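Proteins get letters first, then strands, A, B, ... in listed order; numbering begins at 1 in each. These numbers were taken from a predicted model, which means no experiment stands behind them.
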Amino acid sequence: MDIRERIARRVAKELSDGDIVNLGIGMPTMVSDFIPEGVEVILQSENGFIGMGAAPKEGEEDPDIVNAGGMPITVKTGASFFDSAVSFGIIRGGHVDATILGALQVDEKGNLASWMIPGKMVPGMGGAMDLVVGAKRVIIAMEHTAKGKPKILKECSLPLTAVGEVDLIVTEMGVIEPTEKGLVLKEIAEDVTVEDIQAVTEANLMIDPNLKTMDI
Amino acid sequence: MDIRERIARRVAKELSDGDIVNLGIGMPTMVSDFIPEGVEVILQSENGFIGMGAAPKEGEEDPDIVNAGGMPITVKTGASFFDSAVSFGIIRGGHVDATILGALQVDEKGNLASWMIPGKMVPGMGGAMDLVVGAKRVIIAMEHTAKGKPKILKECSLPLTAVGEVDLIVTEMGVIEPTEKGLVLKEIAEDVTVEDIQAVTEANLMIDPNLKTMDI
Amino acid sequence: MSKIVELEKALEYVKDGMTVMIAGFMGVGTPETLVDGLIEKGVKDLFIICTDTARPEKGIGKLIVNDRVKKLIASHIGTNPVTGQKMNAGEIDVTLVPQGTLAERIRAGGAGLGGILTPTGIGTVVEEGKEKITVDGKQYLLELPLKADIALIRGSKVDKLGNVWYKGATRNFNPMMATAADIVIVEAEEIVEIGEIDPNDVVTSGIFVDYVVKGEE
Amino acid sequence: MSKIVELEKALEYVKDGMTVMIAGFMGVGTPETLVDGLIEKGVKDLFIICTDTARPEKGIGKLIVNDRVKKLIASHIGTNPVTGQKMNAGEIDVTLVPQGTLAERIRAGGAGLGGILTPTGIGTVVEEGKEKITVDGKQYLLELPLKADIALIRGSKVDKLGNVWYKGATRNFNPMMATAADIVIVEAEEIVEIGEIDPNDVVTSGIFVDYVVKGEE
């Protein structure tokens, strides 16, 4: 199974029926393809609607309805549109149950860096800072390393998106929960050992006494 | 002519074509009956709409459409409804050209007291404090005295609605403009002398060199 | 997943002493069926947040007259003389808030803002006890967010997901209150099928609403 | 009193160096005809406030590529590489603002608020130079209002009084920007008769709008 699919499948299991969810651009968007049966989540798109549906069939795109990546999308029956102040009121006001985002770095204090690499890439934070501060749960969906280098650090070196807001980190190697005492490895992928995952993680991983095999 | 009609007629002449106007409850409401020909003003009702029309005919009241006094009203073609946050955004944001309000007291610094008499009458400020602070022009329409006692004072003794926001005072005796130097009598009613009006005004009135007869 | 429930079921969540936001302006846009239900149910010592107490026989006025209110935040109580009487008698603790400030404080509560700066009330008794902040040479009051345990709102058309459309001047405080409470109960003048309200014309998204109760038309 | 004018007439008010808000999210809801008109007209040194610079050939991106922008406030510039290049070359002074904060700052500008307190950006570079205020034990940034000389917005249906209805995701920053500028020009996808938009469904009231220009459909 593709690494990205593995991550998306695992993240999808974190969602409960009726949850209001905001999916970041890229891999997080894939999560909607793997929502377990019997679970229906309501997708919020921060550019201004609730009730996001699937991508439209070719030729049926509506130029007025796009997702937060600017790509044509559909809405489900019962959807509603609103302006950006309302949209971020929903986000900042704690009305979003979970946001799923990628990351450049996460650290053992639950800090997140995801929006710029000084001197290299300065795309801007878009809605990410509001989402991370406002959503009830922040789930990071990312590959464990970048070109072999750890992304889960003792302390983020890149400019932060938010301080201490990350609730769960899901990578292709395992599931890690930031706690007050540090990072706890909750689940580990079938094909990975604790030593393997610690070797590519700069931060120290505490092992959950009930460590499970990653549930994908 | 009735005293209240005289005041309302004079106030109506302060309004220009296209003005967005909020009329307070009571005498200010009468102003809309005397808007000069060729002048069309747009009435805002702070409970949530723009484009207020006349009172409905008996039997044609819509219980969902009332003015800020809670009385049945109509809207004109081109009206729009909104919530109270938007409504007071319009008011506080300076999008209302003029508000016309009654008063308990006004003083020579342009201070206004209109919302309570401690120990006697505490109705609450409703939208008045926002209107007085937010509207571009605040026009006070009131009888010159209350039971023979002056209402235009050196200093308001009642709790204030706002500080220094009054732009014009229209009474049945004349038209008075608060300025940095004090109150200037701009117009005087045909049947009144300067001495008459000063006698029932606690604050000192400066006489405009171009003092005119009140234009009703 | 329909949110439509019977009146009694929805009001189960309202307990003595709770903070309850109730929408409406002079009773217009107030969920009368829910208010009557509260009185019937017998809850008391409520902390009510609303813009006015309407009239003794109308809207929130009925809760005042029936001695259910211990604490009140409102912008205007003048049309219901009973409110003033009970305030003067020390039976209700009343805080008066400018109407625009009240709207923004409730909106801030729902939108996760820590407060807003308003020029309204500067130099008046409204500023007592509040922080003053100068921006660009102009003074503002820092006004803090308001939240509630329960919000009782009213929609002209409501679908089973809780999407709400408001008619005329009934909108007033409903949209803000719908965002600022732990549990939001909407009284529907008319219940419609999902999709009957154009997604572009929904004013309060169903995500804010927990229960829908059919009200009187 | 119709507000409908020709493109050239409406753009007369836009001068070199002005602060201009332009709505749209990745070009969706952006008034493309007005943007093209600005480029045609030749104004320069603009201070643009927008949420993103779209793509080089789309929406606000065209102003960037055509060197009309001296200063920029935006939440995201990553989809238009030219913006980053010009920023790095020192040709455009860019300030990045979180999207929700940007929406609130513009709303505050239009609603006469002196600012709002948001938790967004605490502990990040966004807090640099800003006042921090603690409310109920939680830290917030004081974010100040934004206003502009001109706002360029886009409506799906617009009547001759300037009442606007938005379709789908085109709404985004349009309603807030319409409140926060001295002159507001709306590009109408479709111009309709007064009254054709149900007064309950008008999103931007015509009182905010100065000029209406017919755009491309």
Side-chain angles (χ1 to χ4, degrees), chain A residues 25 45-49 52 62-75 79-94 109 111-116 118-134 156 158-165, chain D residues 23-29 51-55 58-59 74-81 83-84 87-88 94-108 110-111 118-126 139 156 166-178 189 203-204:
Chain A
I25 295 164
S45 193
E46 71 261 30
N47 55 319
F49 52 104
M52 186 159 61
D62 179 338
D64 290 341
I65 304 179
V66 300
N67 65 16
M71 303 305 293
I73 202 78
T74 61
V75 292
S80 56
F81 292 99
F82 31 74
D83 66 44
S84 299
V86 170
S87 187
F88 283 89
I90 290 171
I91 289 167
R92 202 190 308 98
K109 296 200 174 87
N111 296 331
L112 169 68
S114 63
W115 71 283
M116 75 175 285
K120 248 187 163 168
M121 182 198 79
V122 191
M125 67 292 281
M129 284 194 181
D130 299 284
L131 274 163
V132 172
V133 165
C156 290
L158 293 171
L160 296 184
T161 308
V163 174
E165 295 284 357
Chain D
F25 184 98
M26 290 291 294
V28 176
T51 190
D52 61 66
T53 51
R55 303 188 193 282
K58 198 174 181 190
S75 76
H76 198 271
I77 58 172
T79 52
N80 185 344
T83 311
M87 175 176 73
N88 292 335
V94 177
T95 304
L96 292 165
V97 173
Q99 199 172 151
T101 300
L102 184 63
E104 285 297 320
R105 290 181 65 187
I106 297 168
R107 181 181 180 278
T118 178
T120 304
I122 284 283
T124 76
V125 294
V126 168
Q139 276 198 326
S156 304
Y166 303 96
K167 181 168 162 279
T170 65
R171 198 177 314 188
N172 54 70
F173 280 74
N174 282 288
M176 287 80 76
M177 288 182 173
E189 185 183 353
V203 177
T204 292

(Q) Can you give me the closest heavy-atom contact between D/V125 and A/W115, atom names plus distance? (A) CG2-CZ2, 3.4 Å
Q: Name the member of D/H76, D/M26, D/R55 that forms the most heavy-atom pairs with chain A at distances under 4.5 Å.
A: D/H76
Q: Among D/G168, D/G78, D/A103, single out the residue with the greatest number of heavy-atom pairs under 4.5 Å to chain A.
A: D/G168
With chain D as the partner, which of [options] has the greatest number of non-hydrogen pairs under 4.5 Å?
options                       : result
A/G127, A/P123, A/P63, A/G124 : A/P123
A/I65, A/V122, A/L131, A/V132 : A/V122
A/G126, A/P159, A/A128        : A/G126

Q.
For the residue pair D/T120 / A/D130, report whether a side-chain donor-acceptor contact shorter than 3.5 Å exists.
A.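 Side-chain D/A pair, A/D130 to D/T120: present.
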Q: Determine whether A/F88 and D/Q99 make a side-chain contact, defined as any pair of heavy atoms from C-beta on separated by less than 4.5 Å.
A: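 The answer is yes; the side chains approach within 4.5 Å.
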Q) With a 4.5 Å limit on heavy-atom distance, are the side chains of D/L96 and A/M116 in contact? A)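 No, every pair of side-chain atoms sits at 4.5 Å or beyond.
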Q. In this structure, which one of D/I122, D/V97, D/V126 forms a side chain to side chain contact (heavy atoms under 4.5 Å, CB included) with A/M129?
A.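 Considering D/I122, D/V97, D/V126, a side chain to side chain contact (heavy atoms under 4.5 Å, CB included) with A/M129 is found only for D/V126.
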Please classify the contact of [X] with chain D as side chain, backbone, both or neither, using a heavy-atom distance under 4.5 Å.
X     : value
A/A85 : both
A/A79 : neither
A/S45 : neither

How far does [atom1] of [X] sit from [atom2] of [Y], to the nearest 0.5 angstrom?
X      : Y     : atom1 : atom2 : value
A/K120 : D/N88 : NZ    : CG    : 13.0 Å
D/T204 : A/D83 : OG1   : CG    : 8.5 Å
D/R107 : A/S84 : CZ    : OG    : 13.0 Å

Q. Looking at D/K167 and A/D62, does any basic side-chain N land under 4.0 Å from a carboxylate oxygen?
A.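 Looking at A/D62 together with D/K167, the answer is yes, because their closest N to O distance falls below 4.0 Å.
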Q. So, A/R92 side chain and D/G100 main chain: donor-acceptor pair closer than 3.5 Å or not?
A.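 It does hold such a pair.
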Q) By a 4.5 Å heavy-atom criterion (distance strictly below it), what part of D/T101 contacts chain A: side chain, backbone, both, or neither? A) both
Q | Structural part of D/P98 lying under 4.5 Å from a heavy atom of chain A | A | both
Q) How about A/M121: does its CE atom have over 12 heavy atoms from other parts shown lying under 6.0 Å from it? A)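 Yes, the 6.0 Å shell around CE holds more than 12 heavy atoms from other groups.
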(Q) Apply side-chain contact (heavy atoms from CB on, under 4.5 Å) to residues D/F173 and A/N47 and explain how you reach the verdict. (A) CA-CA 9 Å; D/F173 280 74; A/N47 55 319; over 6 Å; no
